[in-house]
Amino acid sequence: MSLTLRAAEEVLVNTESRRQAVSTQLGGRERSSLGQFFTPSPVAQFIASLPALPNSGTVRILDPGAGIGSLSAAIIARIVTQRSDLAIELTAVEVDASLSTELKRTLDDCQHLADSSGCQLISRVIESDFLEWASDSVGTIPLGKAAESFDIVVMNPPYRKVNTGTRERLALKRINVEASNLYVAFLALSCALLSTDGQIAAITPRSFANGPYFRSFRRYFLDRVVFDRIHLFESRSMVFSGDAVLQENVIFSVSGTLDIARDAEVVISSSVGADEEMTFRKVPHAEVVDPKDPDCFVHIVIDDEGAAISGLMSLMPTRLPDLGIEVSTGRVVDFRSRDHLRIEPAADTVPLIYQGNLRGGGIVWPGSVKKPTSIVVCIETSKLLLPVETFVLVKRFTSKEERRRVTASVFEASDVTTDQVGFENHLNVFHSENRGLDDVLARGLAAWLNSTVVDRYFRSFNGHTQVNATDLRRLPYPTMTELVALGGSIGSGPTSDQEKIDGLVNTHVKVFQGLTT
């Protein structure tokens, strides 16, 4: 092992020791309030390995939300050991003053490494809120031009919602960016600070890949960069072990070379952990982001079976409007209707169905849900109720341990004894102009939603445990004839027999006939 390589490894070991010490000192409540989850060394090195290095000259690097400098150390160690002929200009931005000492120690180690290897390194620390600092540099994103730009951005941004009235929200308003989470704001501003051929390598939650909340960000981001590499960890706990991060995370690199990258392939990989063996797929960029999709959903398919299912799904032309079916979130928001909710049924109430009442493909009411079972019928609640007819209900939130991401049940008139019913806001409700569906059609629709092929396809673009009505509207559906045939074969009564459901889908849905899942 060369002296330079040994010295670089020592820098990384020392940085990791600092990370572990600071993570231990920083309490869980404080870490959650700041959205800080420091990058473990194996993950930092993997992220730092993704950007392509220039052939010569100076490489300008930005580390927004630098923490104690794990990503800065990883990218500098890589350049020093692989391309010491490059000059490095590093900008590390960190708002938390309590991390200043450890960050500067990391960068001092990096300076010693560069000096001893004959590599020119100039680094600076910006002790500021990245959003405010970057927005001053960028001006207004659609029209402005950044005062400075960077060739490579390496980032593990904070994972926290942007609340109304905060300084982050004010900074975002100044730069005309709509973002509900800090990590998305960091990505947007980093994109604005990129040089013409610049690259971003990042680890973030995967939630930006779909849904209405991130639509404006995806349109902005993917109008300026394209994916080069996407990596998923099969285990959530392996990425930030000890930090209780529940989001599904994705590591990716993007490039600003739009003129050539649109036709390039994207490498999609996966592994159990950062040090584990990886599987790889190469796919056209259009398979990841359909250029015809106005919502710019990001599809990440990690294996050939998933790719086959996605390909077959693309052959299905039917969507919900073709079937005369709509999907909406349940109308009853419990905290807004608190005065009208009752723990026990009464003469003036009707059943209130929560997602906890969905069991095995059917409905169990009142069941053992620790929620009010009923809602009062009155003028104030009249617009919140639906007639007791046949509806298909899908949970909006599932736990990460559940076998399926999409969990559907059929609500039937026989499930209750009233003529009206309320569906709570944590449910998605399939209906036809606020009336029920045909019984057989509803059973076929529920079977389709509960199938393995839908689950595999849904997971390709949905990286969190929330199932939005928007996501369900985007799904392909079998034809009316196929759904009715499926519903007729599934039989009456609820079923959670996965093998039976999948077998009937493969029998009755034309494009999936003969598929083994």
Side-chain angles (χ1 to χ4, degrees), residues 31-32 34-40 42-51 62-67 70-71 74-75 93 130-131 134 152-162 168 172 177-194 198-211 213-222 224-240 243-255 266 268-271 274 288-289 296-300 302 400 460-466:
R31 185 165 53 235
S32 177
L34 295 173
Q36 287 179 320
F37 299 97
F38 302 121
T39 317
V43 177
Q45 291 178 66
F46 179 42
I47 294 170
S49 73
L50 299 181
L62 172 66
D63 184 356
S70 297
L71 283 166
I75 189 70
V93 185
F130 173 69
L131 296 186
I152 293 174
V153 180
V154 286
M155 63 189 306
N156 174 13
Y159 303 179
R160 179 169 60 80
K161 288 187 176 181
V162 181
E168 291 94 348
L172 288 171
V177 171
E178 186 62 37
S180 59
N181 196 296
L182 282 181
Y183 85 85
V184 170
F186 270 58
L187 282 171
L189 279 164
S190 295
C191 182
L193 293 169
L194 277 184
Q199 302 163 84
I200 298 173
I203 180 169
T204 74
R206 190 181 163 188
S207 52
F208 74 88
N210 71 299
Y213 301 116
F214 300 103
R215 182 187 293 115
S216 62
F217 162 73
R218 288 193 303 272
R219 288 174 176 172
Y220 167 77
F221 194 63
L222 295 170
R224 290 160 176 80
V225 297
V226 292
F227 287 101
D228 303 310
R229 175 74 178 272
I230 301 175
H231 182 84
L232 293 179
F233 290 109
E234 296 172 21
S235 171
R236 298 178 189 216
S237 62
M238 293 297 291
V239 185
F240 297 102
D243 283 340
V245 175
L246 298 180
Q247 298 100 327
E248 184 171 352
N249 293 282
V250 60
I251 291 176
F252 60 89
S253 64
V254 294
S255 170
V266 182
I268 299 178
S269 57
S270 65
S271 66
V288 177
V289 182
C296 299
F297 273 31
V298 180
H299 294 257
I300 307 173
I302 63 174
K400 62 180 184 295
S460 75
F461 63 82
N462 183 298
H464 48 93
T465 57
Q466 185 169 342

Exercise for the section: Using the side-chain contact (heavy atoms from CB on, under 4.5 Å) rule, take Leu232 and Arg206 through it: C-alpha gap first, then chi angles, then the decisive distance, then the call. Expected result: CA-CA 9 Å; Leu232 293 179; Arg206 190 181 163 188; 3.8 Å; yes
Please report the closest heavy-atom contact between [X] and [Y], naming both atoms and the distance.
X: Ala44; Y: Ala74; value: O-CB, 3.5 Å
X: Val298; Y: Arg218; value: CG2-CD, 4.5 Å
X: Arg224; Y: Cys191; value: CB-SG, 3.7 Å
X: Val154; Y: Asp63; value: O-OD1, 3.3 Å
X: Asn181; Y: Lys161; value: ND2-N, 4.0 Å

Below 4.5 Å, heavy atoms only, C-beta onward: do [X] and [Y] meet side chain to side chain?
X: Gln199; Y: Ser253; result: no
X: Ile251; Y: Phe233; result: yes
X: Leu193; Y: Val153; result: no
X: Pro157; Y: Leu182; result: no
X: Ile200; Y: Phe221; result: yes
X: Leu50; Y: Asp228; result: no

Problem - Tyr213 and Ser207: CA distance, side-chain angles, deciding distance, side-chain hydrogen bond (donor to acceptor under 3.5 Å, both in side chains) verdict - result: CA-CA 9 Å; Tyr213 301 116; Ser207 52; over 6 Å; no
Can you measure from [atom1] ([X]) to [atom2] ([Y]) and round to the nearest 0.5 angstrom?
X: Thr39; Y: Met155; atom1: OG1; atom2: CE; value: 10.5 Å
X: Ile152; Y: Ile75; atom1: CD1; atom2: CD1; value: 5.0 Å
X: Cys296; Y: Tyr220; atom1: SG; atom2: OH; value: 14.0 Å
X: Asn249; Y: His231; atom1: CG; atom2: NE2; value: 11.0 Å

Exercise for the section: Measure the acute angle between the ring planes of Tyr159 and Tyr183, then classify it against the limits of 30° and 60° as parallel, tilted or perpendicular. Expected result: perpendicular
Handout entry: Verdict with supporting geometry, Asn156 and Ile47, side-chain contact (heavy atoms from CB on, under 4.5 Å)
Key = CA-CA 9 Å; Asn156 174 13; Ile47 294 170; 5.6 Å; no
Handout entry: ring-ring contact (aromatic ring centres under 6.0 Å, His included) partners for Phe130, two or more places apart
Key = Phe186
Handout entry: Polar side-chain atom of Ser49 near backbone of Phe46 as donor-acceptor pair, under 3.5 Å
Key = yes
